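Quick notes on the structure that follows.
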There are 2 protein chains.
Amino acid sequence: MARSAESTRQRILAAAYVLFRQRGYSRVSMDEIASATTVTKRTLYNHFQSKDQLLAAVLETQNELALAAFKTFGDQLTGSPSAIVDGLFRDLAVWADKPRWAGSGFTRLVIELADLPGHPARAIARRHKAQLETHFGDLLKRAGVRDAHRRAREIWLLSEGAISLMLVHGDRTYAAAAAEAAKRLLRGSSR
Amino acid sequence: MARSAESTRQRILAAAYVLFRQRGYSRVSMDEIASATTVTKRTLYNHFQSKDQLLAAVLETQNELALAAFKTFGDQLTGSPSAIVDGLFRDLAVWADKPRWAGSGFTRLVIELADLPGHPARAIARRHKAQLETHFGDLLKRAGVRDAHRRAREIWLLSEGAISLMLVHGDRTYAAAAAEAAKRLLRGSSR
DNA sequence: GCTTAAGTATACCGGTTAGTGAATTTACAT
DNA sequence: ATGTAAATTCACTAACCGGTATACTTAAGC
């Protein structure tokens, strides 16, 4: 083996994710990714066959990371259903308040590629969102919510809607409105 | 004057909208738009200074059209709050069921340009969504809903979320779930 | 110290893109 | 019929993009 081997691959994946999340897929070039990783374009192509496959690998990696992060986050939330919802949307508001926030990388990329149903990135993003929704449903169930997975889906709808509308309007009070609605939905669903 | 004059401009705007909505902004070329309008690229640039300004003009036009359409749609809905919500989400499901559906053109384009806060398209899209939300609020108010505009915002969040998740999953039952949630939110808000 | 995988440097290819220039042709209004 | 606005034709630029080729250098393991 020579030099760093596997770590180079990780550096590429990390740099590519930052760029893709920030500016989407088409408007990020391979030269740019190479430059951000301080690596030659040739090295990029030694690790990934094409730009599309790089994107797929990036999403796969981020799926694992985000899922792990969400599970840790969920384990911290052990209070009432209302507290869980408040925590979820508070985190959303904080996240959306970052200077150059551009929404969920997954959603953003899927919407950019919405006319390419066969793109590998879409299957990964789909699985990702499904896993998050399911995990959130488990969380609500553990907190004693009736019809937990149905409520989880509804709250997830509110959360995705808030992301969209905050992006369009730049108005992060949508997170608070979504939180209020979510708590209204939970009312009368405590077991 | 010569030939068709203003009508050419309208043809360009219509063709460009179809392409932008279908495939986004970056991946549609000016040559393609010209070809779809059966017009020369030179003519395109006689009517619009740049691709960005063409996009802005397209959104401006579609804003007027969509707003008018939504107002007609709203006038047809004169029943109970539940009936209004059902109508809204039934229309959403039908819309999303179209073969090559790719979400709301406005949302799609804003998300693609999420990292360009100064882009003219964003201001137009923002105004568009705000007008729709306000009009929907008026509709609920007329139907006797308490806190009508707050409820309208919450239901709008559900609707935007449904669009996002239907795009990601290709599963149009999200519209039904959103409708159920919306009706739950309205429960106890009838005046 | 040699081997060998990993990375560098750099030039290149074919294709596409937004946008321009300039001369020409079309069609409508008077 | 004639002026003129509108549209055509088509060649062209300058930049960018994904991806490849070749020859060279580096560093780690044995």
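Small disclaimer: the values here were computed from a predicted structure and weren't measured. Every chain is numbered from 1 and lettered A, B, ... according to where its sequence line falls, protein lines coming before strand lines.
- Residue-level contact check: B:Thr43 touches the bases, meaning some heavy atom is under 4.0 Å from a base atom.
- Looking at which nucleotide of DNA chain D each of A:Val28 and A:Arg42 is closest to, the 5′-most match is held by A:Val28.
- Here C:dG7 is the nucleotide among C:dG7, C:dG19, D:dG19 with the atom lying nearest to any side-chain atom of A:Thr8.
- Look at CG on B:Leu54: it is 15 Å from C1' on C:dT17, rounded to the nearest Å.
- Using a 4.0 Å heavy-atom criterion, one finds that A:Thr38 contacts the sugar-phosphate atoms exclusively.
- One N or O on the side chain of A:Arg27 and one on the backbone of B:Glu112 form a donor-acceptor pair closer than 3.5 Å.
- In this structure, the side chains of B:Leu140 and B:Ile155 come closer than 4.5 Å at one or more pairs of heavy atoms.
- Side-chain contact check for A:Asp91 versus A:Phe70: every heavy-atom pair is 4.5 Å or farther apart.
- The side chain of A:Tyr45 has D:dG19 as its nearest neighbour among D:dG19, D:dC17, C:dG19.
- A donor-acceptor contact shorter than 3.5 Å links the side chain of B:Lys51 to the backbone of B:Tyr25.
- The side chain of B:Lys41 lies closest to C:dA18, out of D:dT8, C:dA18, D:dG19.
- The nearest whole Å value for the distance from the CE atom in A:Met30 to the P atom in C:dG14 is 21 Å.
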